[in-house]
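Computed from a predicted structure; not experimentally measured. Order of the sequence lines fixes the chain letters, A, B, ..., with proteins taken first and strands second; residue numbering starts at 1 for each chain.
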Protein chains: 2
Amino acid sequence: MAGTETSKIPQHRKLYELLRKHIVEGVYPKGSLLPSENELCSTHDVTRPTVRQALSRLASEGYIIKHQGKGSIVRSLPKGIGILSLQGTTSGVGKHNLKTKPISKPYTRKWPEDFPFDLSELELESGCIVLERTRIVDGSPVLYEISYIPNINLPRFTNKSFENKSLFDVMRSNYDIEVIGGNQKIMAILANKEIGNYLNIEEGDPILKLERKLETNRSGYSFYSSIYCNTNNFYLEGSF
Amino acid sequence: MAGTETSKIPQHRKLYELLRKHIVEGVYPKGSLLPSENELCSTHDVTRPTVRQALSRLASEGYIIKHQGKGSIVRSLPKGIGILSLQGTTSGVGKHNLKTKPISKPYTRKWPEDFPFDLSELELESGCIVLERTRIVDGSPVLYEISYIPNINLPRFTNKSFENKSLFDVMRSNYDIEVIGGNQKIMAILANKEIGNYLNIEEGDPILKLERKLETNRSGYSFYSSIYCNTNNFYLEGSF
DNA sequence: ATACATAACTTGTAATTACAAGTTATAAAA
DNA sequence: TTTTATAACTTGTAATTACAAGTTATGTAT
């Protein structure tokens, strides 16, 4: 019962994983041609439909571009599938000097009355853990984020430190929870006194607001974030 | 030479387009099951690999979710490409409430001096086709969009009608150009007089601004959009 | 040397066959 | 009535064959 699991993985998927790995690792540099379908057939001992299935997925995910009569050209690395599909908000503002500062310790409360997403029965009765943080870029606060995490089976969560740590990382490393997708609502608003205070701007300045729902690998388990962003000096950037 | 063009379109693509159309039009409501692969085979007189190719694309674009042993379930929103899906803050507004109104006929011009993305030599010397449109939801303008399309090998483009048509759809169905990825910058700004006029709001109201680059399956060919969105009553919504 | 035809590639389309594996409704057995 | 096994679905995997169509290099004739 040792290595039986790997042999259950279909061939097209194994080939996909391998090629994908090679692409992101630079074995096939961007702009170069992948081996032809027939070459891949013989080197991996599969038939062309199988190879094409693997290549088809790579193409649909943006790793390669296929050209009839020419071949499959390696494309630049896709950052993610979706608008602002950030690994946390960190990658959104680029590689500036970014620090995360907790405003308070995580605390539990009931869900807000005007919560922008529908909640399940279980989520509602469990309440939520709230995490308030600001993100500081080059010394000035740019993001103010409130995260709402359903208080379901997260032992010692409020004791964890989030200083300069991504919520995503904490969830994955401590609880094996991975974000697999999500949904977000984006709007422009005017800063009120509270938000203006957090972001060090005037009341009435334009603010980018995001309401995000992050779906995880735990079926039915999601967490949520409200993000307020001062885009006077920095804009949010996303690849898809 | 009349109807030869349509017969050149491969069967899996015709089936994909048809099913996609039926899904977005609600012929197959969200949550419902699509006809089984074998049913689709017989009704459209093709074989299962062809059907599976069409369904595979629908699945990868988020229109359906396939379940082994069960069937293909229609999903709510297409993930990934585009945030052209608007949703109201009060109640869900379907796509049927959304109308696209061209402000002027498409016209060619040189690229703007302060264009927010880098352009290639070829793009620069070719100039661009500009498309100005507003999107109207329930009678009130919500989006103002300027699209910049490199004037390269797009026969009769300025004669095409964009009334209530997606630019994506026109590019795909007329020129076989598909958006495979992109990059966007998002910020909140205050409306000036011109934008306020287009969106029927006051000067100084908060506006969501997007600068987007859309990469296509034509190597090196991208098109661009600047989007101004009034999010007082509607927000932009995206899945990933 | 240049132009053009051709051969040797490449991916695209599509039908066919076979079986594996997951889901669901039905019918028989407890 | 409840449980269980089975049959009849569903999609998933995979090999095989055949030809169409686009690209590129290699020629030969001009």
Side-chain angles (χ1 to χ4, degrees), chain A residues 4-19 23 28 31-75 219, chain B residues 4-19 23 28 31-75 153 172 175-178 180 216-221:
Chain A
T4 36
E5 280 188 31
T6 53
S7 59
K8 268 187 181 178
I9 297 174
Q11 301 183 83
H12 65 84
R13 192 144 188 288
K14 279 195 279 192
L15 180 57
Y16 157 80
E17 301 276 5
L18 182 69
L19 291 174
I23 288 172
Y28 303 116
S32 68
L33 277 171
L34 240 50
S36 79
E37 296 181 352
N38 282 324
E39 276 184 87
L40 291 171
C41 288
S42 51
T43 53
H44 297 89
D45 202 38
V46 289
T47 56
R48 200 151 84 94
T50 306
V51 169
R52 285 182 63 79
Q53 205 169 343
L55 294 182
S56 165
R57 182 166 170 193
L58 287 171
S60 81
E61 290 175 357
Y63 289 98
I64 59 172
I65 297 181
K66 309 189 78 182
H67 282 283
Q68 185 173 0
K70 201 173 179 185
S72 299
I73 296 172
V74 177
R75 202 165 156 267
S219 173
Chain B
T4 36
E5 281 187 28
T6 54
S7 60
K8 267 187 183 176
I9 298 175
Q11 302 182 86
H12 65 84
R13 195 147 185 285
K14 280 195 278 189
L15 181 56
Y16 157 81
E17 300 275 7
L18 183 68
L19 291 173
I23 288 172
Y28 303 116
S32 68
L33 278 170
L34 241 51
S36 79
E37 296 181 351
N38 283 323
E39 275 185 88
L40 291 171
C41 288
S42 50
T43 54
H44 296 90
D45 202 39
V46 289
T47 56
R48 201 151 84 92
T50 306
V51 168
R52 285 181 62 78
Q53 204 169 343
L55 293 182
S56 164
R57 184 165 169 194
L58 287 172
S60 80
E61 290 175 357
Y63 289 99
I64 60 171
I65 296 181
K66 308 189 79 181
H67 283 282
Q68 185 173 0
K70 203 173 177 185
S72 299
I73 296 172
V74 177
R75 200 164 162 271
N153 193 22
R172 185 180 62 242
Y175 304 105
D176 257 322
I177 294 178
E178 303 227 29
I180 57 170
T216 72
N217 54 348
R218 276 200 200 174
S219 173
Y221 190 82

Write down the protein N/O and nucleotide N/O pairs, taken from nucleotides 23-27 of chain D, whose separation is under 3.5 Å; answer none if there are no such pairs.
unit_1, atom_1, unit_2, atom_2, d
dT23(D), O4', G69(A), O, 3.2

Listed nucleotide nearest any side-chain atom of [X], set [options]:
X      : options                   : value
R48(A) : dT10(C), dT16(D), dA18(D) : dA18(D)
E39(B) : dT16(C), dT10(D), dT11(C) : dT10(D)
Q11(B) : dG12(C), dT11(D), dA15(C) : dA15(C)
K66(B) : dG12(D), dT11(C), dT13(D) : dG12(D)

[X] [atom1] to [N] [atom2], straight-line distance once rounded to whole Å:
X      : N       : atom1 : atom2 : value
L15(A) : dT13(D) : CG    : P     : 13 Å
L33(B) : dC9(D)  : CG    : P     : 16 Å
I65(A) : dG22(D) : CD1   : P     : 19 Å
N38(B) : dA18(C) : CG    : C1'   : 14 Å
I9(B)  : dT13(C) : CD1   : P     : 12 Å
L34(B) : dT10(D) : CG    : P     : 13 Å
I64(B) : dT10(D) : CD1   : C1'   : 13 Å
H44(A) : dA14(D) : NE2   : P     : 14 Å

I'd like to know if the side chain of T216(B) and the backbone of Y221(B) have a donor-acceptor N/O pair within less than 3.5 Å.
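Checking the backbone N and O of Y221(B) against the side chain of T216(B), a donor-acceptor pair under 3.5 Å is found.
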Side-chain N or O of S36(B) versus OP1/OP2 of dT10(D): is the shortest distance under 4.0 Å?
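True: S36(B) side-chain N/O within range (under 4.0 Å) of dT10(D) OP1/OP2.
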Results of side chain to side chain donor-acceptor pair (under 3.5 Å) for Q11(B) - residues two or more places apart only:
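Partners of Q11(B) by the side chain to side chain donor-acceptor pair (under 3.5 Å) criterion come out as none, since no residue qualifies.
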Sequence-distant partners of R218(B), side chain to side chain donor-acceptor pair (under 3.5 Å), two or more places apart:
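Not a single residue meets the side chain to side chain donor-acceptor pair (under 3.5 Å) criterion with R218(B).
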Contact check, side chains of [X] and [Y], non-hydrogen atoms, under 4.5 Å:
X      : Y      : result
L18(B) : H44(B) : yes
L19(B) : Y28(B) : yes
I73(A) : L33(A) : yes
T50(A) : L15(A) : no

Identify, with sequence neighbours excluded, every residue that meets side chain to side chain contact (heavy atoms under 4.5 Å, CB included) alongside S36(B).
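Scan of S36(B) (side chain to side chain contact (heavy atoms under 4.5 Å, CB included), adjacent residues dropped) gives N38(B), E39(B).
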Near-strand residues of residues 49-58 of chain A, defined as heavy-atom separation under 4.0 angstrom from DNA chain C
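Of all residues in residues 49-58 of chain A, the ones placing a heavy atom under 4.0 Å from DNA chain C are R52(A).
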Under the salt bridge (charged side-chain N to carboxylate O under 4.0 Å, His left out) test, residues paired with E17(B) that sit two or more places apart:
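Partners of E17(B) by the salt bridge (charged side-chain N to carboxylate O under 4.0 Å, His left out) criterion, ordered by chain and then number, come out as R13(B), R172(B).
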